[in-house]
Amino acid sequence: MQQWSREKIVAFRQALLDWYDREKRDLPWRKDKEPYHIWVSEIMLQQTQVNTVIPYYQRFMAAFPTVADLAAAPEAKLLQLWAGLGYYSRARNMQKAAQQIMIDYQGKWPQTAKELTKLAGIGPYTAGAIASIAFNQPEPAIDGNAFRVFSRLFEIEADITKPQSRKIFYDVIKEVISPERPGDFNQAIMDLGSSYMTAKNPDTANSPVRDFNQAYLDGKEMAYPVRTKKKPPVPIDYFALVIQTPAGYLMEQRPAKGMLADLWTVPLLKWTDLADQETPPLLSQLVTLATKRFTAETQIPLTLAPLGGKPVTHTFTHQKWVLTLLYAELPSIPDLSYFRGNIVKPTDFTHLAQPKVQLKIWRRYQQLREQ
DNA sequence: TATCCGTGGCA
DNA sequence: TTGCCAAGGAT
């Protein structure tokens, strides 16, 4: 790892902030330093790219202009606004944090990273980002960009996937961060990481801090950051039951914990839950099991028919879902007293929080109907 | 410490 | 298609 002199640190800050002042991106959450605005943007930006976030941020602010509005919001409206953005616990945690601020802090934001970390959904990165941007505190905000940028600048060998590596980066950045403009410094590092110092195809030759990039100068840029590989997603087979009734389609709300918590999909049956074997269960077997799943009635006239074509697939971070579509038409509305769900008309779909995988199911179903 | 938790872009 | 990566946090 490199060691920088005081003079070099001062020169780096100058080069970085001069570039940021000239080239910084004009983003909706950079119009002011309202902690609420900074916070919402930082949560949305977790593991999510800027272009994806912008429209969600605009809609969210229109719906919940203040932290008090968010604290009082119905969960259904919150999830509806978040649907499609992913990592849905972020939305739930954000509302918890809004309520913590209203109740525990009397509506006034805590201003130190340490206090901010006590709020739901705020970890070391987000605490540093809010403390530096909204409250001008010299606190590092170490995200994937900061790991990548500083590992190259200093040739830091620590594996960034290991939690204990954070302290090594924290100590380095704490020395280099601008005491006068810590928020701009952190944001400049992030802008740098998403422009000149990208993971793939970096353009370091034209970078405003090229001469500080030791890994580049040594021709070893792509060796950084050091990280261990992730495991590939595990395939999981489901039947997706598209069930039409005179009043609309049968939709189920997922359990409050786990994958896609509280979101709405058609009933999904995991193959491994249906039989003790991994081979596909018989269709007749499936009808009985499916019936028990969504109604109190022991048996209803349900005839499941395969919907042609290849299965619908959707890959998450650690699971790959393979969905075989089945279709049934019910002549009457079944008793749904023991079912966490409802019959929904397509015109009301926009009021439900549906994950991307469900939108894929609808797209495929629509295509097959048009044939 | 290792695993869980979404989605989109890109080579 | 597949693999990797992106403004992470909770358990």
Side-chain angles (χ1 to χ4, degrees), chain A residues 24-25 27-30 37-57 79 82-94 96-97 116-130 132-133 140-149 159-166 169 183 185-195 197-202 222 224-225 227-236 254-263 265 310 313-322 353-360:
Chain A
K24 69 177 171 189
R25 289 175 289 182
L27 300 170
W29 47 88
R30 284 183 176 173
H37 297 164
I38 306 301
W39 173 55
V40 172
S41 71
E42 290 300 340
I43 300 294
M44 287 186 169
L45 286 162
Q46 287 171 5
Q47 301 290 286
T48 311
Q49 296 189 336
V50 166
N51 287 338
T52 305
V53 165
I54 290 173
Y56 281 89
Y57 178 84
L79 280 182
W82 205 272
L85 201 51
Y87 286 141
Y88 298 96
S89 66
R90 290 185 293 176
R92 199 187 314 273
N93 281 330
M94 223 165 49
K96 270 187 212 159
L116 286 163
T117 307
K118 294 179 181 172
L119 298 172
I122 296 185
Y125 161 72
T126 307
I130 298 172
S132 63
I133 299 170
I142 313 172
D143 68 334
N145 288 306
F147 276 126
R148 184 172 58 259
V149 167
D159 182 343
I160 64 167
T161 67
K162 306 270 184 216
Q164 66 264 33
S165 299
R166 176 173 292 273
F169 284 83
F185 180 94
N186 283 333
Q187 292 182 91
I189 293 294
M190 293 189 264
D191 276 14
L192 193 60
S194 58
S195 56
M197 294 184 69
T198 50
K200 301 173 189 174
N201 305 321
M222 298 317 287
Y224 300 91
R227 66 156 77 231
T228 54
K229 286 181 182 172
K230 295 164 190 158
K231 292 177 184 172
V234 180
I236 301 178
R254 293 180 57 81
K257 291 185 184 297
M259 290 274 289
L260 307 174
D262 279 344
L263 272 74
T265 67
K310 291 180 299 183
T313 64
H314 186 80
T315 304
F316 301 93
T317 306
H318 60 292
Q319 290 180 8
K320 177 183 180 178
W321 287 9
V322 181
Q354 301 182 58
K356 289 292 178 183
V357 63
Q358 179 58 47
L359 300 185
K360 284 190 186 177

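Chain letters run A, B, ... following the sequence lines, proteins first, then strands; residues in each count from 1. None of these values were measured; they are calculated from a predicted model.
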Numerically ordered, the residues 186-194 of chain A set in heavy-atom contact under 4.0 Å with DNA chain B is none

Rounded distance in Å - NZ (A/K229) to C1' (C/dG3): 10 Å

Is the closest basic N to carboxylate O distance between A/D191 and A/K24 below 4.0 Å? no

Would you say the side chain of A/F147 lies within less than 4.5 Å of the side chain of A/R227, judging by non-hydrogen atoms? no

Hey, does A/R25 reach any base, or is it just sugar-phosphate, or nothing, if we go heavy atoms under 4.0 Å? base

Under 4.0 Å, heavy atoms only, any strand: does A/I130 hit a base, just the sugar-phosphate, or nothing? nothing

Can you check whether A/S132 reaches A/Q187 side chain to side chain, under 4.5 Å on heavy atoms? no

Determine the contact category for A/K320: base if any of its heavy atoms lies under 4.0 Å from a base atom, sugar-phosphate if only primed atoms, P, OP1 or OP2 are that close, otherwise nothing. sugar-phosphate

Listed by chain and number, what are the ring-ring contact (aromatic ring centres under 6.0 Å, His included) partners of A/W29, not counting sequence neighbours? A/Y57

Give one of base, sugar-phosphate or nothing for A/R30, where a contact means two heavy atoms less than 4.0 Å apart. base

What's the CG-C1' distance between A/L119 and C/dG9, to the nearest Å? 13 Å

Mind calculating the distance between CG (A/N201) and C1' (C/dC5) to the nearest angstrom? 12 Å

Just the rounded figure in Å: distance from P of C/dG9 to CE of A/M94. 14 Å

Does A/V50 reach a base, just sugar-phosphate, or nothing at all? Heavy atoms under 4.0 Å. base

For a quick check, with a 4.0 angstrom heavy-atom cut-off, what is the B/S/- contact string for nucleotides 4-9 of chain B, read 5' to 3'? SBBBS-

Specify the separation, in whole Å, of atom CG of A/D159 and atom C1' of B/dA2. 13 Å

Would you kindly compare A/W29 and A/G121 by the position of their nearest DNA chain C nucleotide and give the one closer to the 5′ end? A/W29

Using whole Å, what does the distance between atom P of nucleotide C/dA10 and atom CZ of A/R166 come to? 12 Å

Could you check whether A/P124 gets within reach of a base, just the sugar-phosphate, or nothing at all, counting any heavy atom under 4.0 Å? sugar-phosphate

